Amino acid sequence: MTNTTQPLAIALENCAKTFADGTKALEPLDLAIHAGETVVFLGPSGCGKTTTLRIIAGLEEPDAGGRVLFDGEDVTRLPIEQRNVGMVFQSYALFPNMTVAQNIGYGLRIRKTPAAQIKARVAEMLGMMRIEKLADRRIDQLSGGQRQRVALARAIAVRPRALLLDEPLTALDAKLRDTLRLEIDTLLRSLQITAIYVTHDQAEAMALGDRIVVMEHGRVAQIGKPREIYQRPATRFVAEFIGTMNRLTGATRDGVFSCRAGDLAWAEAPQGASEILFRPEDIRIAESHEQTGLQGIVAAAFFLGDRTRLFVEVGEAQPLVIESTARRDFGHGEAVRLAIDPRGLLVL
Amino acid sequence: MRRDTQRLIFLLLPAGIFFAAFFLLPMARLFFIGGSGKTGWSAYAAILTDANYLNSLFATLSVAAATTFATLVISGISGVFLQRHKFPGNGALVAMLTFPLAFPGVVIGFMVIMLAGRQGLIGQITEFLTGDKLVFAYSLTGLFMGYVYFSIPRTILTVMAAAEKLDPKLEEAARSLGASPWRVVLDVIIPGLKPAFISAGAICFATAVGAFGTAFTLAARINVLPMVIYTEFTLSANIAMAAALSFVLGAATWIVLAVARTAAGSTVAAAG
């Protein structure tokens, strides 16, 4: 039994959304989502990511002039019940008056599928999510993780053309989040279904997305593969929203960037760069024999087991975050010399 | 363990005293008075054998059931609507809907007469349109209308409070699975409102069974049980029969409500 129909390509053309009270939730947006791809909408609350998802789902209509295309066909005016998209919500939204099995079979029952086929499909879904034992439970007897598995099974059971997930892991505790994230990843890969995943958690976005759409104030800030977004952020907002970013301010002259922490040789430095950004993994505590012109004072050190996270004061607004794997203790107030890998430097 | 039991008994005392004083003792007394007349215990049998009594018992329960059903449909639709669509005057409209609570049954009966009586609005309109005067105030239909009118305020606030707690995400989830708006009502909204429907419906049914003022005002061809009891008690001075009828009325209402409750409870498991 196949789990989906052919994967769906989704396109948004000029989709904007203004709410009745005049709030502009989404600036005009053009976006092409390839068949079978997992796209993650990432951004802080109020950035327009959920609105975009709801427009794709058919729960919201875009403002006049906007179009939603499923495999090239205009579905803008088609209500959600005719779009055949699976949805998974943060609050699970399971039907409390039905058992687990009835929840999973609901979409098939709506489609008037013969009872025997519903039974077989429900059993298949229960097996797939490894919740066979829960089939006859009531929803209020389930834990959060179990509920979200049931919600996933219910959405997939009808073989939707696309799967839309709205912060599905946000309500779960950290450990469960990791487990389910892995399960969702495996599920999406095995189904090869087009999936759109909304989250404000950048770790989830990085782990699950084939591509990430970073949004801010109703606009797309950057679209790209997780690695591009992380290593080559297009804007400061993206740089600072995703991962940890260190910042040094100063001036560049003749391939040398000078700041309060000292001088940094950087041959490819763009003329006039007054601020450089880099990730914690691109800076390290220099060995005693190394040549470096940068130094700072350890403001705080947290031993995390596999590494030590250091906050090093260098006279900037924020201390630098450095992850050291050195097998030694760092004392508060200790002077350290710093080495930066110029390949990781960004100027935005 | 022993002390727990003692404490439980102690805590149950207020409810127990109340229950005994206002329910058990009067009901028991009523039961025995019912059997103390000239005909003895056959007064109870008469309720089932005498067509008059049996018909009025049946009419009473039917009109109460119809009232409950109609009231829940009207309150369900308007309650959800008023909860979801806030418009200017929304609060005033809700306040107006709860207005009939203040009216005695007599006033409501009078209003039904003004609407559907011999000189009523409906009569005038139908006479103008068809030449025939439509008059139904003095029948069970008129009684039903009056009962629905005063039952709506008793249910609509309960329904609105329940409608507020409905999770819109449930409706979206059902729609994403292909459910039409009608299916959403059937599978999500009605099950979500069911506890409110049961509690509001119970009050509605019990009130309609016992309502007297409206029936008294409209009294012409109506033969509901509270009217029969009144007649037996005051006009015929047949106290035993009145007591027997009262006891049966109370018991029948109790049974109907108990059955409705159990049926509603079991559909939770059987739903889907």
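What you see is a predicted model; the values in this text were computed from it and never measured. Note on naming: letters A, B, ... go to the chains in the order of the sequence lines (proteins, then strands), and numbering restarts at 1 for each one.
- Both the backbone and the side chain of Arg154(A) come within less than 4.5 Å of a heavy atom in chain B.
- Only the backbone of Leu94(A) comes within less than 4.5 Å of a heavy atom of chain B; no side-chain atom from C-beta onward does.
- For Lys86(B), the NZ atom sits in a packed shell: over 12 heavy atoms of surrounding residues, nucleotides or ligands are nearer than 6.0 Å.
- Counting non-hydrogen atoms of neighbouring residues, nucleotides and ligands closer than 6.0 angstrom, the CZ atom of Phe87(B) exceeds 12 such neighbours.
- Counting non-hydrogen atoms of neighbouring residues, nucleotides and ligands closer than 6.0 angstrom, the CZ atom of Phe19(A) exceeds 12 such neighbours.
- At a 4.5 Å heavy-atom cutoff, the contact between Phe95(A) and chain B is made by backbone and side-chain atoms alike.
- Chain A is approached within less than 4.5 Å, heavy atom to heavy atom, by Asp167(B), Lys169(B), Leu170(B), Glu172(B), Ala173(B), Ala174(B), Arg175(B), Ser176(B), Leu177(B), Gly178(B), Ala179(B), Pro181(B) from residues 154-182 of chain B, ordered by number.
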